[in-house]
There are 4 protein chains.
Amino acid sequence: MTKNTFENLPDEKRQRVLDEATTEFAEHGYHQASINRIVERLGIAKGSLFKYFGNKQGLFEHIFSRAVSDFKKPLKAIRDTPGLGFFERIEQSFLAGTRFVDAHPNLYRIYLKMLFNENFPLRERFLGEIRGAHAKYLRQLIEGGVRDGQLPAALDVEMAVFTLHAVMDRFLQGYAVPSLDNGLAPAASLPEQARALAAFLRHGLADIPTQE
Amino acid sequence: MTKNTFENLPDEKRQRVLDEATTEFAEHGYHQASINRIVERLGIAKGSLFKYFGNKQGLFEHIFSRAVSDFKKPLKAIRDTPGLGFFERIEQSFLAGTRFVDAHPNLYRIYLKMLFNENFPLRERFLGEIRGAHAKYLRQLIEGGVRDGQLPAALDVEMAVFTLHAVMDRFLQGYAVPSLDNGLAPAASLPEQARALAAFLRHGLADIPTQE
Amino acid sequence: MTKNTFENLPDEKRQRVLDEATTEFAEHGYHQASINRIVERLGIAKGSLFKYFGNKQGLFEHIFSRAVSDFKKPLKAIRDTPGLGFFERIEQSFLAGTRFVDAHPNLYRIYLKMLFNENFPLRERFLGEIRGAHAKYLRQLIEGGVRDGQLPAALDVEMAVFTLHAVMDRFLQGYAVPSLDNGLAPAASLPEQARALAAFLRHGLADIPTQE
Amino acid sequence: MTKNTFENLPDEKRQRVLDEATTEFAEHGYHQASINRIVERLGIAKGSLFKYFGNKQGLFEHIFSRAVSDFKKPLKAIRDTPGLGFFERIEQSFLAGTRFVDAHPNLYRIYLKMLFNENFPLRERFLGEIRGAHAKYLRQLIEGGVRDGQLPAALDVEMAVFTLHAVMDRFLQGYAVPSLDNGLAPAASLPEQARALAAFLRHGLADIPTQE
DNA sequence: CATGAATGAGGATTCATTCAT
DNA sequence: TATGAATGAATCCTCATTCAT
């Protein structure tokens, strides 16, 4: 999709373009993001951006598809690290999520906006890709946990995947946008949240339905 | 804010106006919602809508402030119903949430869009009001649970409020927008989700930190 | 033009309507004046105002035609007061102008706006009426001054009328809108301005061209 | 304020845009001027005008700030011309005013509308700038006249500035909008008006108050 | 008579996109 | 290849006026 002309740009300029555009999408979502503002802040011609990416959607696609693959990498690394127990991998997955949010806060903001905005372009494709990868990853973890005896043999794997995903996804929201839950807890620090999450999972999974 | 002229309209027309506008906001969020589309679907003049509500924000305020008070009512009813145990009240609260989502799906869609869209007008006010009411309600429930001996006496109430709120809020997301977690679980029915939620809470609360 | 229904209103309400409308025209001119704002401040129905005056122009006509006749009255009184010299009458005319401005500041503001706004409705009629009355009045004064020997017999009466009118009109501007000349003189009080005006006229008229 | 894009336009087009817009403001004032009419007459897209000037006020600012500096230039030239007496400079100032009005009648019409229209944007800034420049100029002239002995040494300079400014400003009104005084004088030609003005000043200044 | 709901043309402004230079 | 001027549909909003109740 992206034209060669963008790939041939000097690294520094290429990064500036992506950063500025990512910020714009993170702050305003898709439709309310303004190409005008982006090129104005960048100090480049409007036509250039369209040469690089074809149109607004092309720009967004370029940014977010890279984000998706960046998000997948650490999960693979955890999965492929030998010698870890199931709950250690879960905990590391959670921490990997927080690290991604810390490293790319604007990309996560875009993701959150996309979650509930049905008109976000490419929404189905991107969300499907993220969910699919996450589910596949969790399924492998859970199956490993069953093999290792850390999880009950009769566990309904699909239901466990569903629950794990929901819990991890939603708790990451609270981590990324503390204001969501603020005013509620005096000071819910990351370790405290992680401990609460771990406790929930450790006990909760025991009650997840088993296959009939 | 609302001009009298709207309150004086025939009930049926008033409801049509609110329904159509609510749908528009639910589908497109605030900025991308179009007054033009609303009046076109309603078959009324553009000026009329502005007479009713002053401006776009006035229309949104009218719709959503009613939603907020509609959301608070059932919680009060549960709190004031005598003879219920703590976990029964929690379960009923969860069901009240699902009933609200079922009765006003578009209002809940607006809420979800507002959650992560920092530019939503009146966002701080409305979210603050909702969170405040919910927190106060949960605090009363928990304190009652402690008095009744159903919860440990040393429980850190504020942290419990925080955790309960986060869990209930996030699980309601999954209920309202099943596509969020779909593709993951084959068919996570409401009772199943409710059971999973209950299990999490029952075990999880035991591990919530106690006051030092 | 004005319907009977307005004349039949209670005095107090009638006056409120006129005052509020006059203020609106004075502040915003004709086109920028808003019927909406007027009825809003009055707390009466929009339809009523249209019943009273037919349309916006009818309202303005009612207001300003009364202003014109109010402006003419004191001039007639000065003219008909016996035993005054020419320059005394001129000075009193100037003071009558300042009194009118003090008594009806908003009407004078409307007049000033109308002066240079070619699109003011009824402008030609009203300005012509005012100028005609003023010219006729000044002509009578000057002819009296010539008869009394206070002005040279060969004075070009029409040119003197022109000059007197221009001077009085323009100096009244400075009186009504002091900010026009402020920042220039430290504190040009009314008596000082009156003295300067008198001096100018006393000497200036001696040089006004005489009929060839 | 003005974007580069306008400065890069071909001279002829740039001039057409400014002329058409100036005419619109001159005919209708600020608020009643219509961007729609301007672009329609120009045959360009609405968006283009906003690209050039940002918004309506930017367009007006561009036009009128140039007018202000155009108005100042000839005054500086007169001041810096050696070998002229005080009254010669005054007469030339008056003629410079008439020349400006003749060369830019529409700009002067805008100025007159701005004088009494409190809602004109940038009114305070522009009027202040014009009055300040004029006052400074007149002050220099008068101080020169006092040095040369053409004006009494005890003259209250500030009061003389005030009076001169008021007289020149108001007489220029009559020159620019003859209809203001028409119907009064049969045919007040420029030389006749100039002579009348000169006479007034020559005699009048002698009576301007001297410092205490 | 008084009311005020309904109208719809017109206001300024923003926007993604195109294309000649 | 990069530019940025041009576009025109769409945005929210205001207004004087009409007319059924």
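In this text, all values refer to a predicted model and were calculated from it rather than measured experimentally. Throughout, a chain's letter reflects where its sequence line sits, starting with A, and its residues are numbered from 1.
Because its NZ or CZ atom is not both nearer than 6.0 Å to the ring centre of Tyr30(D) and within 45° of the ring axis, Lys113(D) does not count as a cation-pi partner of that residue.
Regarding Phe6(A), its CZ atom lies at a distance of 11 Å from the P atom of dA2(F), rounded to whole Å. His28(C) places its NE2 atom 19 Å from the P atom of dG11(E), with the value rounded to the nearest Å. In this structure, Ile35(A) atom CD1 and dT17(E) atom P are separated by 7 Å, rounded to whole Å.
In the model, Glu40(A) has no side-chain atom that pairs as donor or acceptor with a side-chain atom of Asn36(A) under 3.5 Å.
Where Ser48(D) and Gln57(C) meet DNA chain F, the nucleotide closest to each residue was compared, and Ser48(D) sits on the side nearer the 5' end.
Nearest heavy atom pair, residue Phe25(A) against residue Ala33(A), reads CD2-CB, 3.6 Å.
Note on Leu49(D): nothing from the nucleic acid sits closer than 4.0 angstrom, heavy atoms only. Among the protein residues, Asn55(B) comes within range of the sugar-phosphate backbone only, with heavy atoms under 4.0 Å from sugar or phosphate atoms but none that close to a base. In this structure, Lys46(D) reaches the bases: a heavy-atom distance under 4.0 Å links it to at least one base atom across the strands shown.
Nucleotide dT21(F) is matched to dA2(E) when pairs are restricted to Watson-Crick or G-U wobble geometry with both distances under 3.5 angstrom.
Contact check, Lys13(D) against dA6(F): a side-chain N or O comes under 4.0 Å of OP1 or OP2.
Not a single donor-acceptor pair under 3.5 Å links the side chain of Arg14(D) to the backbone N or O of Phe6(D).
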